2 protein chains.
Amino acid sequence: MTDRDTQQHGGRALPEATLERLTVYLRALEAAQLAGQRTVSSETLASAAGANPAILRKDLSLLGGSFGRRGVGYDVPGLADHIGATLGLKRQWRMAIIGAGNLGRALAGFSGFRGHGFELKAILDQSPTEVGRSVAGLRVSPASELESIVAAESVNMAVIAVPGAVAQGVCDQLVAAGIRSILNFAPVVLQAPAEVNIRQVDMSRELQILAYYAHQGVGHQDAVPPLQSE
Amino acid sequence: MTDRDTQQHGGRALPEATLERLTVYLRALEAAQLAGQRTVSSETLASAAGANPAILRKDLSLLGGSFGRRGVGYDVPGLADHIGATLGLKRQWRMAIIGAGNLGRALAGFSGFRGHGFELKAILDQSPTEVGRSVAGLRVSPASELESIVAAESVNMAVIAVPGAVAQGVCDQLVAAGIRSILNFAPVVLQAPAEVNIRQVDMSRELQILAYYAHQGVGHQDAVPPLQSE
DNA sequence: AATTGTGAATTCTTTCACAGCA
DNA sequence: TGCTGTGAAAGAATTCACAATT
């Protein structure tokens with residue numbers, strides 16, 4: 001554990017499954033903090049996060065530092081801080097949302113990303129009827145100004161909230177403007193150079209997976225670990 | 001351990017990673033069909049879906065029937081049909097959206113789920129100012145009528161698009177009304193009995209994972225397989 | 001006594017590589 | 001020839017189980 005080059009900055013990338021769980025632990029820790037808890041056990045935290053204690057401990061062990069105390073549990077603010085630092089939430093992320101329809105406006109109003117270094121700097125739309133409207137305290141800018149706004153506002157993360165038919169075009173423009181982190185809500189697989197990180201949020205995918213489980217009669221519940229017997 | 005699953009078509013439950021990819025293959029097949037292609041090779045299809053050919057073939061082999069022809073490729077409509085049948089998209093899924101804010105309205109207007117057996121039957125909201133409005137051709141119903149609407153419309157799938165603070169309450173009501181498939185857009189981990197399937201869509205999670213990769217300078221691209229040098 | 005941290009065992013997933021078929 | 005389908009191999013992720021620590 002004194003071995004610093006194993007994990008930490010510049011160390012190895014964490015498995016994606018671990019990353020997804022870390023975001024959930026972080027949320028559960030924030031809820032625990034609001035509830036006034038100073039420490040949590042892996043069992044409590046895992047249960048709030050819908051995970052199991054063993055994998056939680058394994059995940060945290062990949063983070064490096066040791067934020068638990070044996071016999072006691074994890075220090076709530078300390079661990080939250082450590083996870084936040086690992087995820088890069090101490091930096092400033094300057095976002096733009098492309099598309100000011102219902103979805104873009106909903107995302108703009110979503111408060112969940114504030115307070116973790118995410119700041120919404122611009123919202124853009126192609127349609128003249130949307131341009132100029134006020135959304136979440138910002139004026140909607142014309143899509144044609146994408147490149148200059150990205151530069152002027154130092155935008156380094158973008159959210160695509162446009163119809164599928166134009167999403168790839170928007171993606172290309174974003175890449176050309178230097179953006180390398182994109183969250184895509186349009187129902188298309190975007191093609192982009194390998195250095196661009198794209199995450200996809202896809203309602204159809206989720207509905208189809210739900211349909212599969214319901215169709216098969218499989219009870220698949222992420223949130224509740226199987227009980228140990230014996 | 002008991003092997004509790006002997007499903008139809010000689011199928012046990014498919015791995016979740018496979019399910020997620022199947023939905024992408026399906027979309028790519030539909031695009032190919034629109035483009036007039038009759039057959040696709042695993043290489044072409046994988047490239048359109050951002051996967052690699054080997055895992056695509058393995059995924060399809062888990063489905064049972066054989067929809068490829070050696071030396072030729074896959075029959076586009078045949079394979080699309082087979083994947084659709086596997087996912088349960090031949091059945092009728094009757095949906096309700098809870099929450100008629102920007103997000104609920106955006107989801108209601110999202111055409112992507114139509115034509116795959118998904119039919120939006122109701123949209124509900126707590127607030128009297130939303131009730132009665134017309135959204136996607138439906139009138140917004142009061143949230144208090146949830147149980148009776150679910151029964152009257154035989155709703156069997158629900159989408160939660162309400163603020164985090166009330167999401168667990170809505171979830172409890174849905175479960176009480178007999179819903180066992182829930183897609184949750186609220187940023188909370190829902191607690192529900194194991195027989196209820198819940199999928200979570202979470203903007204914070206995705207942004208935080210993007211932040212991690214950008215922070216670490218890791219290029220992680222799901223959508224594009226490493227290019228072969230040619 | 002309680003709970004973490006982690007090697008070892010297990011299970012799951014992906015990739016390889018090639019036989020089999022059109 | 002070209003491409004699928006699939007066992008076998010390799011690689012990851014998860015779970016177990018217990019020594020270490022407060």
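Chain letters run A, B, ... following the sequence lines, proteins first, then strands; residues in each count from 1. The figures here come from the full heavy-atom set of this structure, side chains too, leaving out hydrogens, waters and symmetry mates. Just so you know, these numbers come straight off a predicted model, no measurement behind them.
- Within the model, atoms CZ of A/R199 and CG of A/L190 stand 13.5 Å from one another, a figure rounded to the nearest 0.5 Å.
- Rounded to an integer number of Å, the gap from A/D75 CG to C/dT3 C1' is 15 Å.
- Atom CD of A/E43 has 12 or fewer neighbouring heavy atoms from other residues, nucleotides or ligands inside a 6.0 Å radius.
- In this structure, a donor-acceptor pair under 3.5 Å is present between the side chains of A/E16 and B/Y213.
- Side-chain contact between A/D202 and B/R27 is present, with heavy atoms from C-beta onward closer than 4.5 Å.
- Residue A/S41 has no polar side-chain atom (N or O) positioned under 4.0 Å from OP1 or OP2 of C/dT3.
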Kindly give the atom pairs (protein nitrogen or oxygen, nucleotide nitrogen or oxygen) under 3.5 Å for nucleotides 16-19 of chain C.
unit_1: C/dA17; atom_1: N6; unit_2: B/R57; atom_2: NH2; d: 3.4

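- Rounded to a whole Å, the CG atom of A/L45 is 12 Å from the P atom of C/dG5.
- Rounded to whole Å, the distance from CD on B/E16 to C1' on D/dT14 is 15 Å.
- Side-chain contact annotation: A/S41 with A/T44, donor-acceptor N/O pair under 3.5 Å present.
- Atom CG of B/L60 is separated from atom P of C/dT14 by 13 Å (rounded to the nearest Å).
- In this structure the side chain of B/V201 never reaches within 4.5 angstrom of the side chain of A/M203, judged on heavy atoms.
- Nucleotide D/dG2 holds its C1' atom 13 Å from the CZ atom of B/R69, rounded to whole Å.
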Residues 172-183 of chain A side chain polar contacts: donor-acceptor under 3.5 Å, at least two apart:
unit_1: A/D172; atom_1: OD1; unit_2: A/Q168; atom_2: NE2; d: 2.8

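- A close approach under 4.0 Å does occur between a side-chain nitrogen or oxygen of A/Y74 and OP1 or OP2 of C/dG5.
- Within the structure, every side-chain polar atom (N or O) of B/R21 is placed at least 4.0 Å from both OP1 and OP2 of C/dT13.
- Atom CD of A/E43 is separated from atom C1' of C/dG5 by 16 Å (rounded to the nearest Å).
- Per the geometry, CG belonging to A/L62 stands 15 Å off C1' belonging to C/dT4, to the nearest Å.
- Spacing between atom CG of B/L56 and atom P of D/dT4 amounts to 8 Å, rounded to whole angstrom units.
- Note on B/S66: only backbone sugar-phosphate atoms sit closer than 4.0 angstrom, heavy atoms only; bases stay farther off.
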